[in-house]
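The basis for the numbers below is simple: all heavy atoms, side chains too, and nothing from hydrogens, waters or symmetry mates.
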Amino acid sequence: LEEGKDWRRAGRALEKGWDAATVQRKLTALREAAKPAPRPLMPASRPGSRPDRPPPPTDAELANLPAGLCKRYQQGRCHKGRSCKWKHELWPELQARWEKFRKSG
């Protein structure tokens, strides 16, 4: 809603004898109704559909990760790119997990 329209509506409502609290409550309700609905964070999946990749490994599953590999990269959460001090290579155990997941589909 535009600010000017709000003031006009409030003025008309006050002229009709409404109290200020009622006017404020109604304007707030109008503003809330005018807000766009929030977008979902992830697209809705169809019931029974299979995700396109396995869930990311937990920190416990990465306890045996070889030294030098980026743990966050294995989870798909490293955003440092080239500036990361760890190697961005997929751990062979996770590679096997991905292959097994692809073949099971």
Side-chain angles (χ1 to χ4, degrees):
L1 292 174
E2 296 173 22
E3 194 66 32
K5 287 183 181 179
D6 284 353
W7 284 109
R8 278 181 262 151
R9 282 189 177 129
R12 281 189 235 124
L14 290 171
E15 287 171 4
K16 290 180 181 178
W18 292 9
D19 62 299
T22 303
V23 172
Q24 184 64 38
R25 192 172 59 249
K26 292 206 178 262
L27 285 176
T28 302
L30 284 171
R31 284 188 196 113
E32 290 298 319
K35 284 184 183 176
R39 291 179 42 205
L41 296 177
M42 296 183 69
S45 61
R46 285 176 254 141
S49 68
R50 185 171 171 265
D52 59 343
R53 64 180 86 170
T58 62
D59 287 339
E61 291 173 322
L62 295 174
N64 297 329
L65 186 70
L69 292 181
C70 179
K71 183 188 288 188
R72 299 294 166 235
Y73 179 77
Q74 307 302 318
Q75 296 173 326
R77 297 187 332 199
C78 186
H79 302 287
K80 294 183 179 181
R82 293 178 124 176
S83 64
C84 185
K85 67 180 185 176
W86 309 104
K87 285 190 229 171
H88 282 189
E89 297 174 1
L90 197 56
W91 186 24
E93 283 189 32
L94 288 181
Q95 185 74 39
R97 180 177 165 188
W98 275 69
E99 294 301 323
K100 182 179 175 185
F101 183 82
R102 282 191 200 125
K103 289 178 183 176
S104 70

Q.
Can you give me the closest heavy-atom contact between Arg77 and His79, atom names plus distance?
A. O-CD2, 3.1 Å

Q: Flag the pair Cys78 / His88 as yes when at least one side-chain heavy-atom distance between them is below 4.5 Å, and no otherwise.
A: yes

(Q) Can you pull out every salt bridge (charged side-chain N to carboxylate O under 4.0 Å, His left out) where at least one residue sits in residues 87-99? Sequence neighbours excluded, please. (A) Glu61-Arg97, Glu99-Arg102

Q) With no hydrogens and no angle check, is any side-chain donor or acceptor of Gln74 less than 3.5 Å from a backbone partner on Trp91? A) yes

Q | Arg25: side chain to side chain donor-acceptor pair (under 3.5 Å) partners, not counting sequence neighbours | A | none

Q.
Would you compute the distance between atom CH2 of Trp86 and atom CZ of Arg72 and round it to the nearest 0.5 angstrom?
A. 11.5 Å

Q. Would Leu94 and Leu62 satisfy side chain to side chain contact (heavy atoms under 4.5 Å, CB included), going step by step from the backbone distance to the final call?
A. CA-CA 9 Å; Leu94 288 181; Leu62 295 174; 4.1 Å; yes

Q.
I need the minimum non-hydrogen distance between Asp19 and Thr22, along with the two atoms involved.
A. OD1-OG1, 2.5 Å

